[in-house]
Amino acid sequence: MSRPLCNHYAAILSSVATAAGGRSGAHVAGAVHCLILRTLPHPPPVHLLNHLLTAYGKSGRHARARGLFDAMPHRNLYTYNALLTTLAHARLLGDMEALFASMPERDAVSYNALIAGFAGANLPARAAGAYRTLLREEDAGVRPSRITMSSMVMAASALGDRALGRQFHCQILRVGFGAYAFVGSPLVDMYAKMGLIGYAKRVFDELEGKNVVMYNTMITGLLRCKMVQEARQLFEVMTDRDSITWTTMVTGLTQNGLESEALDVFRRMRAQGVAIDQYTFGSILTACGALSALEQGKQIHAYTIRTCYDDNIFVGSALVDMYSKCRSIILAETVFWRMSSRNIISWTAMIVGYGQNGCSEEAVRAFSEMQRDGIEPDDYTLGSVISSCANLASLEEGAQFHCLALVSGLMPYITVSNALVTLYGKCGSIEDAHRLFDEMPFHDQVSWTALVSGYAQFGKAKETIDLFEKMLSKGVKPDGVTFIGVLSACSRAGFVEKGRSYFYSMQKDHGIVPVDDHYTCMIDLYSRSGRLKEAEEFIKKMPVRPDAIGWGTLLSACRLRGDMEIGKWAAENLLEIDPHNPASYVLLCSMHAAKGQWNEVAQLRRGMRDRQVKKEPGCSWIKYKNKVHIFSADDQSHPFSKGIYEKLEWLNSKMVEEGYKPDVSSVLHDVADADKVHMLSHHSEKLAIAFGLMFVPQDMPIRIVKNLRVCVDCHNATKFISKITGRDILVRDAVRFHKFSNGLCSCGDFW
DNA sequence: CTAGGGTTAG
């Protein structure tokens, strides 16, 4: 009676073990465990309990496995090996070593578990140590098996040690695992990871009786080495593809930038009824994110819900990432908070998502929440939260993260250092940025670009160009972002010819295809120096039409120079592309207002109202004693409002004494000039500066942040204020950075 | 009659 029952249980348990478990595996194991205890005579046969031990281990229940092991009245070598493997798999290396030491006897399998544990935990040196012990274990008659060799090959692969890898390959050939039955895949994998795809292919070709795993490994290697065509061919000739084969193709195609093809493969996979698991979902969601394919992404999200994968930590993180890449940050948030648990990856996905969707404050807040949750950031997380601070131009918070980087030991990571260089550059602390850069032991493309852009934003054109040339001479390749820094520096300094030659060299010498931002820089380059006709010709010769920012750049230059003809052309195009952008109306209004054409202004205002376009209200803010003080124009809500206006009053009279003349062309209302002057004097920026003058200690610069561009009058006034008060005033506006000192601005009056 | 290999997320 109990014999067939026994076999039945064993069969169930081994199916749990080979199906690589998961949550349901653990449930099945638990259920069978109960059945064994209830229906079989006590004690149950050891081999059955060993089976159970393995099933628990495979489904991630190492504590259960441990408990069962401790409760077992009889244990054999298999029992020990099963637990040893479980501990190795769970990376409980201390327990693993202790168990190994306590074993009454050991065989090759015991050593293999030990070696695989070390190799998997990225401790190849310890794996090699275990291998040497195995070779010395002569009295027990234990010899390395082919599995030992394959584990060692994986250790060599993890070490990236080509010599060691070749050595093991030779040993394998010598001891006669010649047909590579089990060692073949790891060898192929190792060579591919080392970039020696030729060797990998040779090993693969020599394999006899290739199974799915071998094919899968080869396809992975080919895709890793960007040999997409060969991978495709191999995939198509396979007759017995499994779920991993398909997933490998989806992943590899995505990683090679062929996301649409990945989606096709995914569709074929579903059509053929291939099992889809967390790996597949993770990859296909990455593909959707890269394509910004929100609809496809949503469909796949629905599919994850139907298959109960939506709460899986891998799939959940991938969903958060997909939604934020599709610019649906609310959906990303919803998924994130619905997950029953969150790890460092999910938190980082959320933080990066906030940052990339312009929600920098939320990114910083989420970072603190993560820390409160007891999760320590890694280099990736810290780098991205610092980038968010950079976008906020939040020097205080950024500096706190600088401290965190120092105490947490994450400073040496290049992502962290690069983010800090960017932060200091964007916050106008270009000296700090440069010092940090000098302290870095190694600079990559991003580090150089961060510093180049920092100087460019600071308006230091000559330094920007010198630095860029130095970067080239060091053999560091610039990318599109680097050139945006260089071109914008040229444009701000009025280096038209230089900028033009960099633009052509970028395409010819560096093979970089210009994108909208580069074209905008070029339009800016011409129009800023008043060469509006050339800007017009440039636009007409462009292979693409300018985007809204490009047209806006031209339009604002036309406004400055009073060129109605080209200005009209720019405005028409701008309104066509972006009829809901308040900036286009504001610019057009200000052009007409400057000429006193109030009828046109009124018409434009009507147009705005009809289309329900609202001008983004300008505001400026200043941080003082960890509190942000926000001001809007004419704002009287601040508790110190009275003092602020008194201070402004005083400043105004001083400024006038020094020769300040209000620039009324910035006012878009048809009112008397005296009223315009009054309106100007209460711009949000001036309120924030007055507050800063009252509270920020004398020897500290006053740091203002502004959501729009600085207006002409405020820019002029701030120069006067810096001279009168002898204070340094740093203003970060929507586009760039201004440092006012002793009556001059770092931007050289170009912005 | 039990143990070992290949793929995933920021």
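Note that the structure is a prediction, hence the values are computed from the model and not measured.
- Separation of atoms CE (A:M149) and NE2 (A:H169) is listed at 10.5 Å; rounding is to 0.5 Å.
- When each of B:dG10, B:dG5, B:dT2 is scored by its nearest atom to the side-chain atoms of A:M214, the top-ranked nucleotide is B:dG5.
- Across all strands, A:T245 comes closer than 4.0 Å to no nucleic acid atom at all (heavy-atom distances).
- In summary, the aromatic rings of A:H301 and A:Y323 are positioned with their centroids under 6.0 Å apart.
- Checking B:dG5, B:dG10, B:dG6 against every side-chain atom of A:N211, the shortest atom distance belongs to B:dG5.
- By the 5.5 Å and 30° criteria, A:Y279 is not stacked with the base of B:dT8.
- Closest to the A:T217 side chain, of the nucleotides B:dG10, B:dG6, B:dT8, is B:dG6.
- Comparing B:dA9, B:dT2, B:dG6 against the side chain of A:T286 picks out B:dA9 as the nearest.
- Aromatic stacking is marked for A:Y380 over B:dG10, as both cut-offs hold: 5.5 Å for the centres and 30° for the planes.
- Contact annotation for A:D378: base contact, defined as any heavy-atom pair under 4.0 Å involving a base atom.
- Closest to the side chain of A:Y78, out of B:dG6, B:dA9, B:dT2, is B:dT2.
- With B:dG6, B:dA9, B:dT7 as the choices, the nucleotide that has an atom nearest any side-chain atom of A:T248 turns out to be B:dT7.
- Whole-Å rounding puts the A:D277 CG to B:dA9 P distance at 12 Å.
- Base engagement by A:N216 is indicated by at least one non-hydrogen atom pair under 4.0 Å involving a base atom.
- For A:T254 and A:T286, the side-chain atoms include no donor-acceptor pair closer than 3.5 Å.
- When rounded to the nearest whole Å, the span between CH2 of A:W246 and P of B:dT8 equals 17 Å.
- Between A:I172 atom CD1 and B:dG5 atom C1' there is a gap of 12 Å when expressed in whole angstrom units.
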Show me the side-chain donor-acceptor pairs of residues 343-350 of chain A shorter than 3.5 Å, one per line, residues at least two apart or across chains.
residue: A:N343; atom: OD1; partner: A:I345; partner atom: N; Å: 3.0
residue: A:N343; atom: OD1; partner: A:S346; partner atom: N; Å: 2.9
residue: A:N343; atom: OD1; partner: A:S346; partner atom: OG; Å: 2.8
residue: A:S346; atom: OG; partner: A:N343; partner atom: N; Å: 2.8
residue: A:S346; atom: OG; partner: A:N343; partner atom: O; Å: 3.2
residue: A:T348; atom: OG1; partner: A:I344; partner atom: O; Å: 2.6
residue: A:T348; atom: OG1; partner: A:T381; partner atom: OG1; Å: 3.0

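- A donor-acceptor contact under 3.5 Å is formed by the side chain of A:D242 with the base of B:dG6.
- In this structure, A:F336 places its CZ atom 18 Å from P of B:dA9, rounding to the nearest Å.
- Proximity note for A:M154 (side chain, C-beta onward) versus B:dG5, B:dT7, B:dT2: the nearest is B:dG5.
- No donor-acceptor contact under 3.5 Å links the side chain of A:S185 to the base of B:dG6.
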With a cut-off of 3.5 Å and sequence neighbours excluded, list every side-chain donor-acceptor pair involving residues 354-363 of chain A.
residue: A:Y354; atom: OH; partner: A:E333; partner atom: OE2; Å: 2.4
residue: A:N357; atom: ND2; partner: A:S324; partner atom: O; Å: 3.1
residue: A:N357; atom: ND2; partner: A:G353; partner atom: O; Å: 2.8

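- For A:D189 and B:dG5, a side-chain-to-base donor-acceptor distance below 3.5 Å is absent, hydrogens and geometry of angles not being considered.
- Considering all non-hydrogen atoms of both residues, A:G289 and A:M322 come closest at N-CG, 3.9 Å.
- Rounded to whole Å, the distance from CD1 on A:I115 to P on B:dG5 is 13 Å.
- Under 3.5 Å, the side chain of A:N343 and the base of B:dA9 form at least one donor-acceptor pair of N or O atoms.
- Taking atom NZ on A:K193 and atom P on B:dG6, their separation rounds to 8 Å, with Å as the unit.
- A:I386 has its CD1 atom 20 Å from the P atom of B:dG10, to the nearest Å.
- A straight line from CG of A:D310 to P of B:dT8 spans 22 Å, rounded to a whole angstrom.
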